[in-house]
Amino acid sequence: MWQITAVAAVTLGGWYLFWRWTESLNYDALWFAIPVVCAESCAFLGMVLFFNNLWSMRDVAPQSAPITLSEVIVDGGDQPISVDIFIPTYTEDPELTRYSIQDAKKITYPYAIDINIYVLDDGNRARMRKIAAQENVHYITRESNIGYKAGNLRNALEHSSGDFVVILDSDTRPFPTILENTLGYFKDKDVAWVQTPQWFYDVPEGITLDIYLEQRIGLIGKSVGRFVQIFLGPVSIGKDPFVSDPKLFYDVILRRRNRANASFCCGAGSIHRRDAVMEAALKAYATQIQQTVTAYSCNETDHSISNTLKREFSVSTEITPYKFHVSEDIYTSIILQSDTERNWKSVLHPHVESKMLSPLDMHSWAMQRYKYAGGTLDILRNDNPLFRSGMTFQQKLMYAMTFWSYLAPLWNCIFIAAPLMALFTGISPISSYSKEFFLHLIPFLVMHECASAFGTWGIDNRKGRTLNLAFFSFNLRAIWAVLCGREIQFHVTPKQRRSGNFLYLVWPQICVVVLTIIAMFWAITLQVISPDPRQTAALVVNGFWAATNAYAMTVLIGAALWKPSNDSLIRIDVKNRRWFRRA
């Protein structure tokens with residue numbers, strides 16, 4: 001059903017776009033019509049890339065836990081497997097990190113295994129050092145913070161020797177089964193890393209509409225709430241205002257990439273083969289030295305000069321197992337998957353093996369999203385994997401979808417501005433809102449919704465889509481920063497909620513809502529004063545379009561104003577004890 005509806009949606013969408021380009025443009029206002037139809041074409045291409053990502057699922061067959069090193073390493077011998085668990089930290093609360101350490105110490109394995117836990121403290125804090133000593137785990141720090149988290153990991157690799165490396169964030173609390181359920185994938189000697197889904201266990205669950213109304217109105221409110229939910233389905237008040245639940249990303253998007261060996265690493269909760277990471281680093285090291293020598297050498301035939309330069313640059317060039325970048329996880333994935341001499345594979349393990357904290361306020365959430373967008377777009381601009389040799393066509397399509405999604409604000413701005421422009425000026429990007437327009441548009445929209453529902457296994461992503469539209473201003477900042485060549489700085493996502501509201505972060509969204517109200521009032525007033533039957537359909541279509549956009553903005557504005565209820569705080573506090581009480 002998913003593939004049938006997907007093909008139907010793409011077909012109807014192509015039919016609609018062909019009609020838009022050939023028969024519906026308003027030639028009296030091409031300055032308006034062309035940008036709108038270009039934005040529609042860009043959105044359609046994004047839909048095609050998304051549907052290609054979801055086309056089919058081919059999970060990697062799970063394997064039993066390996067007993068000895070020879071099962072996962074060529075010429076490994078019969079000794080036990082050794083695993084290093086890295087917990088990088090910088091400014092996070094040391095007591096928060098303690099819980100991650102304690103859960104890491106509870107990891108079990110059915111056979112003999114050598115597990116070493118390392119706290120990688122880029123903050124070089126005495127308190128963190130003391131906690132590591134109290135928990136009897138290794139503590140590693142360094143004098144500088146070069147390379148951000150990637151540099152921290154690189155430094156740790158120099159001071160450890162495990163066959164495999166598990167990367168956790170300071171708030172990542174692994175389950176005891178993480179190694180037992182994932183090391184089996186490495187029986188395939190070409191598997192470089194395994195990513196496990198992340199689960200945010202502190203997101204607000206909210207309360208259903210009937211209970212919410214009962215608390216405020218009484219039994220009548222409860223009855224009304226139940227009646228409404230008969231038609232709309234379950235409606236939750238105060239549920240996950242930032243749509244932090246990553247179920248759609250891990251269980252659907254990244255999991256479906258297994259079929260193309262295009263699942264990328266997302267940092268926390270991932271297990272890496274040390275040999276793969278180090279081999280890629282050494283190749284990149286050699287390539288960088290050769291490129292630098294070629295650039296500096298005046299005469300490439302003079303071998304004495306070249307050899308001298310090679311010796312000099314071999315000392316000054318860093319070996320970077322994890323690419324020094326704010327998005328070191330996806331960047332390192334691209335380097336490994338594009339290695340033309342190796343057939344490195346990645347695996348998205350379909351089951352949750354750890355839990356972690358979600359952003360607790362608008363500032364933290366926006367900071368995290370900005371970092372994701374800026375880091376990914378920086379890779380697109382400076383080391384575009386789509387032009388790298390070594391990747392298959394399907395792998396490039398998968399990465400193209402990731403990059404394309406972060407460029408969406410460029411056409412989303414047009415979608416936001418277009419109905420407002422039409423309402424204020426009376427000018428339409430379409431020649432007429434005739435029967436042909438609705439006959440081409442509505443079947444496509446309906447089939448697109450059906451395909452999305454089937455393709456995502458029914459995971460409700462309506463609120464996520466509205467937030468992606470409303471997030472346009474933040475992503476535009478990321479795009480502009482990358483275009484200007486600014487470095488996207490690494491900022492640790494705060495693990496404690498800040499007090500107050502964050503309306504200052506969403507002033508563009510507030511402006512959109514205000515302009516929508518003014519535009520609607522203006523257009524309706526003109527229609528009442530000077531009725532024009534030809535403008536009625538335009539008013540209805542653009543009014544509905546503008547109202548839908550305004551609603552998306554209010555979702556983000558509501559998230560900026562959101563504060564956790566006392567019930568949520570008590571529930572989380574009892575569950576997570578002292579470190580969250582301070583938050």
Would you say [Y] and [X] are linked by a side-chain donor-acceptor pair, where the criterion is simply a distance under 3.5 Å?
X	Y	answer
D383	Y331	yes
R173	Q102	no
T89	R125	yes
H349	N181	no
S364	D361	yes
K187	S64	yes
D188	Q63	no
T402	R257	yes

Are the side chains of [Y] and [X] in contact, using a 4.5 Å heavy-atom criterion?
X	Y	value
L348	T196	no
D163	S82	yes
Q79	T68	no

Where do [X] and [Y] come nearest, in terms of heavy atoms and distance?
X	Y	answer
A104	L168	CB-CD1, 4.5 Å
F242	P359	CD1-O, 3.9 Å
E353	T177	OE1-OG1, 2.8 Å
V347	S263	C-OG, 4.4 Å
R142	Y148	NH2-O, 3.0 Å
Y370	R477	CE1-C, 3.9 Å

*Hey, mind stepping through R129 and N124 against side-chain contact (heavy atoms from CB on, under 4.5 Å) and telling me if it holds?*
CA-CA 8 Å; R129 184 190 297 271; N124 196 7; 3.8 Å; yes

Would you compute the distance between atom [atom1] of [X] and atom [atom2] of [Y] and round it to the nearest 0.5 angstrom?
X	Y	atom1	atom2	result
W457	L248	CH2	CG	11.0 Å
S333	E328	OG	CD	9.5 Å
K345	N258	NZ	CG	11.5 Å
I67	L183	CD1	CG	12.5 Å
S170	I87	OG	CD1	8.5 Å
L505	I557	CG	CD1	12.0 Å

Identify whether the distance between the nearest side-chain nitrogen and carboxylate oxygen of [X] and [Y] falls below 4.0 Å.
X	Y	answer
R256	D59	no
K247	D251	yes
D122	K149	no
D84	R274	yes

*Can you name the side-chain hydrogen bond (donor to acceptor under 3.5 Å, both in side chains) partners of S270, sequence neighbours left out?*
H272

When you look at [atom1] of [X], are more than 12 heavy atoms from neighbouring residues, nucleotides or ligands closer to it than 6.0 Å?
X	atom1	result
R58	CZ	no
Q134	CD	yes
N136	CG	no

*Could you please spell out the steps behind the side-chain contact (heavy atoms from CB on, under 4.5 Å) verdict for R259 and M57?*
CA-CA 6 Å; R259 67 182 172 89; M57 187 185 73; over 6 Å; no

_Run the side-chain contact (heavy atoms from CB on, under 4.5 Å) test on Y118 and Y139 for me, step by step, so that the C-alpha distance in whole Å, both residues' side-chain angles and the decisive distance to 0.1 Å come before the verdict._
CA-CA 6 Å; Y118 295 84; Y139 177 86; over 6 Å; no

*Would you check if the distance from the ring center of W199 to the ring center of Y250 is below 6.0 Å?*
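They do not qualify: ring centres at least 6.0 Å apart.
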
*With a 6.0 Å cut-off on ring centres, are F264 and W193 close enough?*
no

*asked:* Treating R154 as the side-chain partner and E158 as the backbone partner, does any N or O pair qualify as donor plus acceptor under 3.5 Å?
replied: no

*Anything under 30° is parallel, anything over 60° is perpendicular, the rest tilted; go ahead and classify Y504 against F502.*
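Tilted.
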
*Q509 and F472: CA distance, side-chain angles, deciding distance, side-chain contact (heavy atoms from CB on, under 4.5 Å) verdict*: CA-CA 9 Å; Q509 289 72 19; F472 73 96; 3.8 Å; yes

